[in-house]
Structures are given as C-alpha cells and as structure tokens.
Undergrad: 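Next up is a structure, given as structure tokens.
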Amino acid sequence: MSLPILAVNELAMSFGTLEVFRSVSFSVARGETLGLFGKSGSGKTTIGKCIVGLERPTGGEIRVQGANILNMGKKEFRKLRPKIQIIFQHPETSLDPRMKAFENLIEPLKLHSGLKQDALLKWGEELAELTGLRPEHLARYPIQLSGGEIQRIVLARIMALSPDFIVADEPTSMLDVSVQAQILRLMQKLQRETGVSYLLISHDLEVLRKVCHRIAYLDNGTITSIENIKRDVKR
Amino acid sequence: MSLLEIKDLSVEFSARENTVKAVSHVFFKVREGETLGLIGESGSGKSVIGLALLRLLPANANVSGTVLFQGQDLFSLRPSELRKIRGKRISLMPQNPAGALNPVLKNRLQIEEVFEERGIDKKEGMKKSLRLMKKLLLRDPEKLCDLYPHQLSGGMRQRLIACMSLSFEPELMIADEPTKGLDPEAKEGAVELFTKIKNDYGKTMLLITHDLDLALEVCDRIAVMYAGEIVELDKASKVLNAPSHPYTKGLVRAQPRNGLVPLSGQSPSRISLPEGCFFHERCRYSNIECFRKHPEMKNHNGGWIRCHFQSLQ
C-alpha cells in the first residue's frame, strides 16, 4: 500500500481564544475526491488554506506523501508548492484583472517551468483545449469573461503545474446549474487523465454525493464522520 | 391589466468595432400580484433586462423596444419623472448583497439614507423600517442597526436589502440573483422571505435567478432565457417539472439530483450569433430546419416556446 497523497493528523486551529476546529484527521488517496461538508463558518475554508500553506494551524500535522509540511524548510516547501494547488470560491478575484486570460493562464508555467516563450505558448494552447476554452476567450480580460470561463482558466493554469493535489473551495457556488455541471465533470475528466486528488469543499451535499468518493462531515469544530460513497478508487 | 408589459426589448452593447447582442426581441407581461421568474445561465441577458427596465445600463448600451409600467412608457420619461418611479414604485434588489451596502457605514445610517433621499422624516421612516424588519424575520432589528454590514451573515444582509427596497412599498420589485453564493440554510431562508413578501405584501415581482429550486417555490410563471432570447414561457411547475424546450430540459438535467449532466458545448458568441436556432449546436433534437431558420415564439399547450419541433416532443 502506498502512502496517501495527503494525510492530515489532529489538526487544530484557533484565532486568539476562538477555537475554529480541533483534532481534524483525514487522508486522501491518489486519484480520490474527498468531500468536506460543513455549514458556513464551520472552518472548511481554513482547513483548505492550512493544507496549501496559506494559514498556519496551531496544532497537528499535514503530511504530503509522508513529509510533514509544517516543519519543512522554506526551500523544501517551495519545491512542493506547485504540487498542491487551490481553487478559490470567487473566480473573479483569482485572476489578475490587468492581464489577458492567456497571460494569466501561462503565468504559473513561466514561474515554475523555466520554459522558453515558444514552448510556453504551445503548452498554454494545449491546456486551453483540455479545459474547453476557445481562442477568443484567451484574448479577453477577466472582466469580459463569465464565471464559468474564469473557473476554466483557473483550472487550466493549475493543471499547468501537473499538481498531485487540489483543494477546491466551493468552486461552483457562484456558478449556475448548467455551468456547475460542466465544471464538475471537467474536474472528473482531469482526474481520470492525470490521477490528481481533490479535497472538494462545499456546503452542497447533493453536489458532494454526486462527485466524491468519500465525504467528511465537519460539525462543531471537528470531523464527526466520514461516509463512503463510491468504492472504486485504487488505494 | 398587466402591471408591466415589455414589448420587443432588445439591448446591444457596442464594443469597439463589434456589437454584443445581450437581449433580443424579448416580450412578456407581468400581471399585478404575480411573480415572474427569469431563469437561464449566466450571460443569457437576465440581469440586463432588469437593469434596462430602470434605465440603469451604461452609456454604450443601445436599448430599443417599449416597456410599459401601468401603461406609462418608461423609456420616454424625462429623468425627473423617472426618479419618481425608480426606487419608489419599482425597486431593485441588486445582485450580491455584500456589495450593495456601504462597508464603512453602520446599517442604521444606510436605512435612514433611503428616507433622507426622499425628504421623509427619518424617525418616522426608521419606525416603519423596524416594523418591516421584524416582519421579515430579522431578530432584534435595533441591535442589528448598530452593526456594520460585514458583521452580518449573507442571509441577514439580504434581508436588510429586502427591507430597504420594500421601504417605499413599491408596486414592482426586481430581485437579481438573491440566492447566489448563499449556503443551503440561507437559501431556505430566502425562499421563506420571498414567499412572505409575496403573500403578505402581495408584491408583484420579477425574480431573476438561476436557482431552479427558488424559482419553482416562489414564481407563478417562468421565462427561460438562452443567448438573449426567451425560449420558453409558461407556468412555473410546467416549465420545471415537464419542460418542453430542449434547453430547459438540459438545465433541469444539470441539477445534481437529476444526474449532474452537463449540456454539451458552450453558449454561442454574442457578437456573431449562429444562423438558425441559437441552440441548435448543443441540441440533441437538432434537425436541418434548425440550421436554416430562426424559430419564432409559438403558442404551445397554453405556454410559449421558441422551437421548431415542439409538436414532436
């Protein structure tokens, strides 16, 4: 049995005297989608932010393929960073408004891959095709794009780094039903093709039941149960 | 008599050398006391209709058609006459309640401001608002007034906005995406809120939403929009439980509980709309006629539908 991509052990977080969550533990296997369900204000987003290193938890450990990221050196963590990505709830704030969609899309590649301009352009175009974007979308500024199109660009630029793990924080709560279905199915397709794992954070149980392998329920500051939905993931 | 009648409304935006057709040849009536829902995916032109009614669109919008409000043509009114209607007799609950409130002013001031603008005694106005807030399921409104908008939850902010837009007892209320981004609990609250507004105040409403559950609960009739056109218009239960138009069918199937089946492809570019039916590229029933001829709105089983093959379905 291989190590899980991500294992969270006894994670705890408080802001000052206010405890957000305590003894949160779960693990995610390669190619698995774990749902994280909770009401608004239950700390779902904070857990997601801890995993990608945007918040520092007050206790516990986060292991990525066995290595605890919380006591990692800066250099070591920087190497790991492209492999763990996050999609935020508000697509419109995720992109730089002054950059065109295509520049936004290839920016992470520029930073992390060291590829030449020609190769960048080619790869960018492939990614756009993979996520169902048309050339006309790529020449626009984020303000000229719909929520669904922006979420596709966000997905494309994340996939550029071939991540192992993506935290998706309410990726479709601002989108409408038909676009929501498109984005969630696209995420499933990318998972089948690349074996990426997701932590899908949502307050919509119907959505989670439809796309997750397992769902963790966050209530009263801790995980109360983990439910198996589909059993077809290789472990 | 219909309270609101929209005839042949079209809105285009000019962007450099191109024109974007946001809304084309939309017509519908809203009867007094009725709630009409406008549904459709983002970018289908729903919000533009709401803004066009109140003449709130930016200067590069090219609006044509007629909007009759109690027989009065809103598009030919002078600005001073329009101001007597806007916010007073027709009010708008804007999309995104968080963005609609001023973050640096306490809630009380924002409610008072509405009355100040109208030259009505603030104290009288506040009394009225507090009564309204109690009725609209806000607990402890006095305390709420002393807080800032960011200290309220999304659902509470929405109720506050609802109170503000109801404070002049408008004859028509336009609500734009009231449940976007709310969690399921707050969504249930929103259904309760709108049902209350409808029943207790007998308000005529134009409800712009992509939340099919909300639409089914609250609306009497529903107009489905696709690429700037109305493609189906009928009783709410009929449209959502037994849809006729292929696009509406697709929308219903995309709901998680109905299988989360996405529609194939994307909605067409609004700069160069396809020949024939705007939906034919994504339609499962598409036929040669759909490529050639743009379908007109037709009467179908008591409702309206824009499709060549409604008789076959």
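Every chain is numbered from 1, with letters handed out A, B, ... down the list of sequences.
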Undergrad: Quick one: what part of B:Glu185 sits under 4.5 Å from any heavy atom of chain A, side chain, backbone, both or neither?
TA: side chain
Undergrad: A quick test of your reading: do over 12 heavy atoms of other residues, nucleotides or ligands sit less than 6.0 Å from CG of A:Leu18?
TA: yes
Undergrad: Take a 6.0 Å sphere around CD of B:Gln151 and say whether it holds more than 12 heavy atoms from other residues, nucleotides or ligands.
TA: yes
Undergrad: CD/B:Glu41 to CG/A:Leu175 distance, rounded to the nearest 0.5 angstrom?
TA: 11.0 Å
Undergrad: So for atom NZ, which belongs to B:Lys235, do other residues, nucleotides or ligands contribute more than 12 heavy atoms lying within a distance under 6.0 Å?
TA: no
Undergrad: Taking non-hydrogen atoms and a cut-off under 4.5 angstrom, which of residues 269-284 of chain B neighbour chain A?
TA: B:Ser269, B:Arg282
Undergrad: Can you give me the closest heavy-atom contact between B:His210 and A:Val177, atom names plus distance?
TA: O-CG2, 4.1 Å
Undergrad: Atom NZ of residue position A:Lys39 - does it have more than 12 heavy atoms of other residues, nucleotides or ligands inside 6.0 Å?
TA: no
Undergrad: What is the minimum heavy-atom distance between A:Ser178 and B:Ala254, and which atoms define it?
TA: CA-CB, 3.7 Å
Undergrad: Under a 4.5 Å heavy-atom cut-off, does chain A meet the side chain of B:Ile39, its backbone, both or neither?
TA: neither
Undergrad: More than 12 foreign heavy atoms under 6.0 Å from CG of B:Asn241: is that the case here?
TA: yes
Undergrad: Tell me the residues of residues 131-140 of chain A whose non-hydrogen atoms fall below 4.5 Å from those of chain B, in number order.
TA: A:Gly132, A:Arg134, A:Glu136, A:His137
Undergrad: Mark yes when over 12 heavy atoms from residues, nucleotides or ligands other than B:Lys180 sit less than 6.0 Å from its NZ; otherwise mark no.
TA: yes
Undergrad: Is it the backbone or the side chain of B:Thr209 that comes under 4.5 Å from a heavy atom of chain A, or both, or neither?
TA: neither
Undergrad: Give the minimum heavy-atom separation between A:Gln182 and B:Leu263, together with the two atoms involved.
TA: NE2-O, 3.2 Å
Undergrad: Could you please state which residues from residues 193-207 of chain A sit under 4.5 angstrom from chain B, measuring non-hydrogen atom to non-hydrogen atom, sorted by number, or 'none'?
TA: A:His203, A:Glu206, A:Val207
Undergrad: Name the region of B:Val261, side chain, backbone, both or neither, that has any atom closer than 4.5 Å to a heavy atom of chain A.
TA: backbone
Undergrad: Who passes side-chain hydrogen bond (donor to acceptor under 3.5 Å, both in side chains) against A:Glu107, sequence neighbours left out?
TA: none
Undergrad: For A:Gln180 and B:Pro256, which heavy atoms make the closest approach, and how far apart are they?
TA: NE2-CG, 3.6 Å
